[in-house]
Amino acid sequence: MIEVRYERGVYLPEQDLWLDPWDAKPFAFISHAHSDHIAPHEEIILSERTSRLLQHRMPGHRTEHVLPFGEKGTVDGLDLMLLPAGHIFGSAQCFLFAGDETLLYTGDFKLRPGKSAERAQWRHADTLIMETTFGLPRYRFPPTEQVIDQIVAFCRETIEAAQVPVLLGYSLGKAQEILCSLDGAGLTPMLHGSVYRMTRIYEQFGQSFCNYVRYNANEVAGKVLICPPSANRSQMLEKIPHRRVAMISGWAVDPNAIYRYGVDAAFPLSDHADYDDLIRYVGLVRPRRVFTLHGFAAELASDLRMRGVEAWALSEENQMELDLGGRDIALRCPDGAARRPYRSPPQSEFLAFANIGEAIAATPAKLEKIRLLADYLRGLTSEQLPIATLYFTARAFAQSDLRTLQVGWAIIFRALQAATHIDDTELHRIASAHGDAGRSAFEILDGRTAPQLFSIRDSRELFENLHRARGPNAKAKLLQNRLSILSPREGEYVVKILTGDLRIGLREGLVEEAIAKAFDVPLEEVREANMLSGDIGQTALLASRKELHRAELSLFRPIKCMLATPQPTAEAVWERFAGATDTDRTAALSMRATVYLEDKFDGIRAQLHRAAQRVEIFSRDLRRITSQFPELADQARNFQEELIIDGEIIAFQEDRRLTFFDLQRRLGRTSDGTDLFARAAADVPVAFVIFDLLWLNGQSLVKTPLRERRRHLDGLRLPSQFQIARVIPAHSAAEIEQTFQQARQRLNEGLMIKDPESFYLPGTRGMFWFKLKKELATLDVVVVAAELGHGKRNNVLSDYTFAVRDEVTGDFLPIGKAYSGLTDAEIAELTEHFKQNTIADHGRYRTVKPDVVLEVAFNSIQPSTRHASGLALRFPRIKAIRRDKNVDSIDTLQYARELASQGASYRPVLAEARK
DNA sequence: CCTGATGCGTC
DNA sequence: GTCGGAC
DNA sequence: GTCCGACGACGCATCAGG
């Protein structure tokens, strides 16, 4: 008989033909266009409709043999015929003639007539290779009409309860079947983007559906949303506050289906044959032998044998058994080294590092943290010192090193799961118990790994390899391999570094102090060297060799920028200057009583270095952004001097109001193709507003007063597109307030207030520069959802989604999130309240009874797709809990929209900067 | 091909 | 960017 | 005063998956 093999797909060696192989093959039959059946094969046999669908799902060149249903054809010397499989649109079975023998391969199939798939046909065959997803007697589906009635009833009841029904089904096939089922029920389906696209293709083939609309976050009310299963728990659905989700799948007959899928309901409408139809099909085809495939293949084969049919399962079970064996060994011997009493176990270097981290976390006293770290650093080799020091700033790469890892929460958890084979529910329990990736990693790895030694050098290689690996899958695999041989503590610290968050109450400031203490060098020198090199590891190394003086300010090595301290009012600012008593600076100041005011521009902070041969522009955290602004770099060559200027790059055009969001559109673009930037520059023209001068013709001006630096600045000849921010001297709080108002009328963010006698203090937010911003307005909103926080806010509901009222429908539409602004006590109180007023608990996230009114402040409001209101707030913060207000008195969507449109309708008044 | 999720950097 | 809290 | 941690929205790039 025809030889049949299985290796990630059915293979017929005599015909050299693959049937639905997983991987790319030279010659294959493709039964249908679901993506688990698609790979870049060279030459394929398929139906016409599958061909069309494939063009959309996997464009590209290949040789296609398109055969009509029911007609015998010859391809590469093989005689065969395609028969409709009834699974989805275009799905085919392959009927093969080999001498006087025949073989029927079903692919995915079903016998029940579907509304959006061709009806299945069959022929007698000697060999039947059959898909058996639902090969157990418990999978018997109720009559289709009955299931459809249930689905329609579910939708109607949900809508009547002012909620949104969401039906989950694959975007190709199932979704259209659902769509047909809703026909005539008086419901309006709304289709997720991927469903929409597939449905349009169906229509090209002449299939017609009832009226439907494409997904639009603002119009879900009253509609029936149809989404692929992957959309469940997605942000798209989470945004819909009152939704009831139903899974449409054959698996719905499992009693625990709603828990497994995390849905509110499940209906057994399937694209596959149920148990009864599988048995029936064998009777129809009357084969001499059967091979079963997928799902309960072994069970059905055994079942058929009991019924007197020769039947065998095609599968890869051996592979899985091997995997389980490996894990078992790891479990039994989690820490081999510790159980050998004869040799003292070699200490893992990375574990020593992690243990110091734990000790630092354990003490709240800063001086104690510094002492612990200093002692540790002193004992390291010159190879280890720069690396371990860097790790204590939770970085894998130095600040001046522009590499990134592209590894985040999602990849970390995937790797943890794969490394430990941990149970899904257990993983989620642990993850939600901590809300801290590092702590979760410890618990997940604990007892589930076979630790090996991990040196500091190994760790460096790990991070470099992670950086080099391309794509989330490759990165996850690399990480998984390492995690599986780390002790839990080491794994925890690897994760902490990956997330850039050590959470041990220690950051760069204290690391600098520890370096100073460890090597007995002045703290100021350490800070300065770190600032100049942007590499704390190298700074530690220089400190250990007493060579810190080697680092000095120079062109093309960016320095951290000076920051401003926020102030709420003009009076508060003035107090800072006039109220101080005892320094020379304030004495001099109160005599002259002068401060410098500048408009605060809403762009991105930039530091430009220019010499005769070269120009570079750096961002606030010292990244090179020269290539983002080629026209500025070009023009900067026209300066006459060698200089470093500090300023703000803003989106700017004479006759157009451009905002920060316009500017953002040309940030972060990568430079493949020069015309990309030509277009970007034309789209969003920019200007460089200069407000400081740090270097001029070979001399650092960092330690010259701002007054002097400004004087030098005034002497510069400026290329076009460069402007100097105007300075307005002020002598009282009233003048500051007045100038602030003027700045706002010029549509600038607010005001900068600077001490004219101050030096340029890189990287510090001192008492020499202040900023005055003030909120745009406040909104009274109601909290509709609350979320558990992270780290120390792990056990409180600290994150609130709040909504305005739609004055037409009465719905509460989310407009933003915030916790910032509340005290710990208030958060604790609200946590208690929300726990008792929860409508639906989704683990870390819960929808709550809308009865807490907050007053939120923000700096601007603009259209957005992030929230259902269609609006979002910039810099939202909570001003007060309005216990005096009830839900009925909160602000309306209408009012929020007015605020948004006001901001946009101002006549442009241009930045009054001197050219 | 398009959509959505994720990571990162800007504010 | 925002803010509150701890030292 | 200063640092630290726990958070917001947006846009671009990249990748996975339909």
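Every chain is numbered from 1 and lettered A, B, ... according to where its sequence line falls, protein lines coming before strand lines.
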Send over the distance from [X] [atom1] to [N] [atom2], rounded to a whole Å.
X      : N      : atom1 : atom2 : answer
A:I412 : B:dC8  : CD1   : P     : 9 Å
A:I649 : B:dG9  : CD1   : P     : 17 Å
A:E826 : D:dA6  : CD    : C1'   : 16 Å
A:R503 : D:dC7  : CZ    : C1'   : 11 Å
A:Q607 : B:dT10 : CD    : P     : 13 Å
A:E775 : C:dG1  : CD    : P     : 17 Å
A:K475 : D:dA13 : NZ    : P     : 17 Å
A:F661 : D:dC12 : CZ    : C1'   : 15 Å

Return no unless some side-chain N or O of [X] is found under 4.0 Å from OP1 or OP2 of [N].
X      : N      : result
A:H867 : D:dA9  : yes
A:S619 : B:dT10 : yes
A:R214 : B:dT3  : yes
A:R623 : B:dG9  : yes

Problem set entry | A:H87: ring-ring contact (aromatic ring centres under 6.0 Å, His included) partners, not counting sequence neighbours | A:H32, A:H34, A:H272
Problem set entry | A:R527 or A:Q664, whichever maps to the more 5' nucleotide of DNA chain D | A:R527
Seminar exercise, completed: Heavy-atom nearest nucleotide on DNA chain D taken for A:V511 and for A:G816; more 5' hit belongs to A:V511
Using salt bridge (charged side-chain N to carboxylate O under 4.0 Å, His left out) as the criterion, list what pairs up with [X], not counting sequence neighbours.
X      : answer
A:K369 : none
A:R620 : none
A:K477 : none

Exercise. More than 12 non-hydrogen atoms from neighbouring residues, nucleotides or ligands closer than 6.0 Å to NZ on A:K879, yes or no?
Worked result: no
As a test of reading the structure: which of [options] is closest to the side chain of [X], going by heavy atoms?
X      : options               : value
A:R197 : B:dC1, D:dC3, B:dT6   : B:dC1
A:K600 : D:dC10, D:dC4, C:dG1  : C:dG1
A:A410 : B:dG4, B:dG7, D:dC7   : B:dG7
A:M767 : D:dC10, D:dT2, B:dC11 : D:dT2
A:R620 : B:dT3, B:dC11, D:dC10 : B:dC11
A:D602 : B:dC11, B:dC8, D:dC15 : B:dC11
A:R866 : B:dT3, D:dA9, B:dC11  : D:dA9
A:R665 : D:dA9, D:dC12, B:dC8  : D:dC12

Would you classify [X] as touching base, sugar-phosphate or nothing, given that sugar-phosphate means primed atoms plus P, OP1 and OP2, and contacts are heavy atoms under 4.0 Å?
X      : result
A:V407 : sugar-phosphate
A:T764 : nothing
A:P472 : sugar-phosphate
A:S798 : sugar-phosphate
A:I411 : sugar-phosphate

Problem set entry | C:dG5 and B:dG4, which share atom name C1', separated by this distance in whole Å | 38 Å
Exercise. Taking the C1' atom of each, how far is B:dT6 from C:dC3, in whole Å?
Worked result: 27 Å
Problem set entry | Residues that A:E177 engages under side chain to side chain donor-acceptor pair (under 3.5 Å), provided they are two or more places apart | A:S116
Exercise. When you measure from the centre of the six-membered ring of A:F392, is the NZ or CZ of A:R507 under 6.0 Å away and within 45° of the axis?
Worked result: no
Exercise. Quick one: is the NZ or CZ of A:R657 closer than 6.0 Å to the six-membered ring centre of A:F652, and within 45° of its axis?
Worked result: no
For this session: Please determine if A:K600 and A:E749 form a salt bridge, counting it only when a charged side-chain N lies under 4.0 Å from a carboxylate O.
Result: yes
For this session: Would you mind building the protein contact string for nucleotides 2-7 of chain C? One character per nucleotide, 5' to 3', B for base within reach (heavy atoms under 4.0 Å), S for sugar-phosphate only, - for untouched.
Result: BSSS-S
